[in-house]
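One structure is given below, encoded as structure tokens.
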Amino acid sequence: MTIRTRFAPSPTGYMHLGNLRSALYTYLFARHHGGAFILRIEDTDQARFVEGAVDVIYRTLRGIGMEWDEGPDVGGAFGPYVQSERKDMYLPYARQLVEAGKAYYCFCAKEDLEARRAEAEARGEVWKYDKHCKCLSHEEVAAKLAAGEPYVIRQDVPLSGEASFDDVIYGHIAVDCADLDDMILIKADGMPTYNFANVVDDHTMGITHVMRGNEYLASTPKYNLLYDAFEWERPVYIHMTQIMRDAQHKLSKRDGDAYYEDFIDKGYLSEAIVNYVALLGWNPGDEREFFTLAELCEAFGVEGMSKSPAIFDAQKLTWMNAEYIRRLAPETFTVHALPYYRSAGIGHMDTAVLAAILQQRTEIFSQIPGMVAFLAKAEEYPLSYFTNKKSKTNPDIALDVLKRVLPELEALQDWSIAGIHDLLIGLAQVWGMKNGTLLWPVRIALSGREVTPGGAVEIAYLLGRDEALARLRAGIAKLEVGE
RNA sequence: GGCCCCUUGGUCAAGCGGUUAAGACAUCGCCCUUUCACGGCGGUAACAGGAGUUCGAUUCUCCUAGGGGUCACCA
């Protein structure tokens, strides 16, 4: 048997990380077993439909490399793959169930139901549909139907007995039929409910393994009653955990950083996000942490899936992203960094040198402008920056050093990294001082910052001769004035 | 509230009757060093609680507690 899995998102906006991970696991499971991965769009709720959301789904999945074998835009033998285009196929299936005595027409008005529910709750009872309309005779039903009375079709759940199934991750799940409600299959508007459409779609599309969030765990026995009523073979169920923001709340839309796009915008690498998310709730069984999508396909298995929810740790994602950045070829780093260079006003500077000083220090690309702002524009700084114990320097020493360094640099022919480096290090040696004693004041005067990416040499080079010398002179003037 | 599920350091997480209870992130300290970062070395830190079963429980069972999910003509 060929394994067939599906990812069935609702087009309601951007790609939530929880959804992304569900899609990923579903994809990985199919690929690992040489099966098919199907994309189905669940858009039965037109009220929640968001324009362009389907494209977001396509773009995100493809951008990551998760290609689907069947779906709305690529076709397949089990189409259509958009639920709204399948709306006519559900009612016949529901009628088939009515014929078989596994479902029934219900004419109860919404208001009546709500009243009865309120009564039950007032008595402290749990409301369950009372099968009021199940007792209607064939004639009564036919009459109401003929009269055009609005109706829904409900699943007829046995009053007693046990409904159970075995989940791959959670094991045996059993619930008492007495606790199950007669859920609505077809709504008054003729459209199927999500639950019913899901069962029909999954079966008619030949889905063998249903992978979905564990919020469906408790209702799955009900789904299976439907499969049984149709005499369809039940799929294998794999319920997945949620991603949490903390122990109490799941990662949700209002956290502002629950979306894949949010992280891309902040300068995270797609590969790092996917890698991190894959590890949230799954482990390969060995010590590996870094995986390409292909490696994930190879390593993935349900044995490694966790049954308890995982809390999203932005710090670890950031660490992983930094690792991915460090492993980039310098040229690739530059491709990602360039937009940020431009916005920081240093787009004209030597990208090889920028990469050399920034790549090891960049955790997320959006940090770059803040790190390099001083290169584009000199910043105010206090004299206290010239004091550093380890480098054995203070404003007096700094003034002396800078005054002696300035003419040497002015005379330097070769304004390159090597040229500046050899000159400065050479001077420190000749003058018999620690490298730091000479380099610290120079770097402070050049950058105006205590902490900078790169050292005095790189900064002097990037600034260019004129600007570097100007900043040195300004530093000397500042030290002479003493403020 | 009924029903279902979950519970190893701050976080991810290994473990599947006998371990000094891995590893990673974070954190702390030291080293390297031209600041920071990178890198190297090391430290702190966990089996929710209680009964069983067993020669022996983190591991199996039950109970309690805490947390989550679900009880719609929403998906």
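Just so we're on the same page: letters track the sequence lines, and every chain starts at 1.
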Roughly how many Å is it from CZ in A/Arg449 to P in B/A37, rounded to a whole number? 14 Å
Tell me the partner of B/U59, counting only Watson-Crick (N1-N3 plus N6-O4 or O6-N4) or G-U wobble (N1-O2 and O6-N3) with both under 3.5 Å; none if nothing fits. none
A/Thr452 side-chain proximity, nearest of B/C4, B/U35, B/U33: B/U35
Using a heavy-atom cut-off of under 4.0 Å over every strand shown, decide if A/Arg288 touches base, sugar-phosphate, or nothing. nothing
Tell me whether the NZ or CZ atom of A/Arg212 lies within the 45° cone about the ring axis of A/Tyr194 and under 6.0 Å from its centre. no
Let me know, please, whether A/Tyr170 or A/Leu439 comes out on the 5' side of the other along RNA chain B by nearest nucleotide. A/Tyr170
Any idea how A/Tyr151 and A/Tyr105 line up, ring-wise: parallel (<30°), tilted (30 to 60°), or perpendicular (>60°)? perpendicular
Whom does B/A48 pair with, Watson-Crick or G-U wobble, provided both distances fall under 3.5 Å? B/U64
Ranking B/A72, B/A75, B/A13 by distance to the side chain of A/Ser10, first place goes to B/A75
If you check every side-chain atom of A/Ala456, which of B/U34, B/C4, B/C6 has the closest atom? B/U34
Can you tell me the distance, in whole Å, between the CD1 atom of A/Ile311 and the C1' atom of B/G9? 13 Å
Base versus backbone protein contacts along nucleotides 23-29 of chain B [heavy-atom cut-off under 4.0 Å; B, S, -]: SBSS---
Among A/Phe365, A/Phe263, A/Tyr276, which one satisfies ring-ring contact (aromatic ring centres under 6.0 Å, His included) with A/Tyr268? A/Phe263
What does B/G42 pair with, Watson-Crick or G-U, if both distances are under 3.5 Å? B/C28
Using atom P of each nucleotide, how far apart are B/A65 and B/G23 to the nearest Å? 36 Å
Find the distance A/Ile169:CD1 to B/U7:P and express it as a whole number of Å. 12 Å
Which nucleotide in the list B/C38, B/G2, B/C4 gets nearest to the side chain of A/Asp179? B/G2
Please confirm whether the shortest side-chain N or O distance from A/Asn283 to OP1 or OP2 of B/A13 is below 4.0 Å. no
Side chains of A/Met349 and A/Val372, heavy atoms from C-beta outward: is any pair under 4.5 Å? no
Measure NZ/A/Lys307 against P/B/C4 and give the value in whole Å, please. 15 Å
Searching all strands shown, indicate the nucleotide that pairs with B/U70 (Watson-Crick or G-U wobble; both distances under 3.5 Å). B/G2
Starting from P on B/A13, measure out to CE on A/Met305 and report it in whole angstrom. 11 Å
Please measure how far the C1' atom in B/U44 lies from the corresponding atom in B/G9, and state the result in whole Å. 10 Å
Using atom P in both nucleotides, what's the gap between B/G18 and B/U58 to the nearest angstrom? 11 Å
From CG of A/Leu279 across to P of B/U11 the rounded distance in Å is 17 Å
A/Arg326/A/Glu323 salt bridge by N-O under 4.0 Å criterion: yes
Rounded to the Å, how far apart are A/Glu450 CD and B/C36 C1'? 11 Å
Classify the angle between the aromatic ring planes of A/Tyr129 and A/Trp127 as parallel (below 30°), tilted (30 to 60°) or perpendicular (above 60°). perpendicular
Options B/C5, B/C73, B/U34, nucleotide nearest the side-chain atoms of A/Leu217: B/C5
Do any side-chain nitrogens or oxygens of A/Lys434 fall under 4.0 Å of OP1 or OP2 in B/U35? no
At what distance, to the nearest 0.5 angstrom, does CD of A/Glu271 lie from CG of A/Asn321? 9.5 Å
Look at the side chain of A/Leu113 and decide which nucleotide, out of B/U7, B/C73, B/G39, has an atom nearest to it. B/C73
Given B/A37, B/C6, B/C73, the nucleotide with the shortest approach to the side chain of A/Val152: B/C73
In whole angstrom, give me the gap between the C1' atoms of B/G56 and B/C38. 48 Å
Taking only the side-chain heavy atoms of A/Ala188 (C-beta and beyond), determine which of B/C73, B/G68, B/U33 contains the nearest atom. B/C73
Consider the side chain of A/Ile184, meaning its heavy atoms from C-beta on, and name the nucleotide among B/C73, B/U7, B/G67 that approaches it most closely. B/C73
Any side-chain heavy atom of A/Tyr104 within less than 4.5 Å of one from A/Asp182? yes
If you check the A/Glu215 side chain, which of B/A72, B/G69, B/A37 turns out closest? B/G69
Are any non-hydrogen side-chain atoms of A/Leu39 and A/Leu61 less than 4.5 angstrom apart? yes
Tell me the interatomic distance from A/Asp189, atom CG, to B/C73, atom P, rounded to whole angstroms. 12 Å
A/Asp202 and A/Tyr223: side chain donor to acceptor below 3.5 Å: no
Please compare A/Arg154 and A/Arg443 by the position of their nearest nucleotide in RNA chain B and report the one closer to 5'. A/Arg443
Report yes if a donor N or O on one partner sits less than 3.5 Å from an acceptor N or O on the other, where the partners are the side chain of A/Lys222 and the base of B/U70; otherwise report no. no
Using both distances under 3.5 Å as the test, list the Watson-Crick or G-U wobble partner of B/A22, or none. none
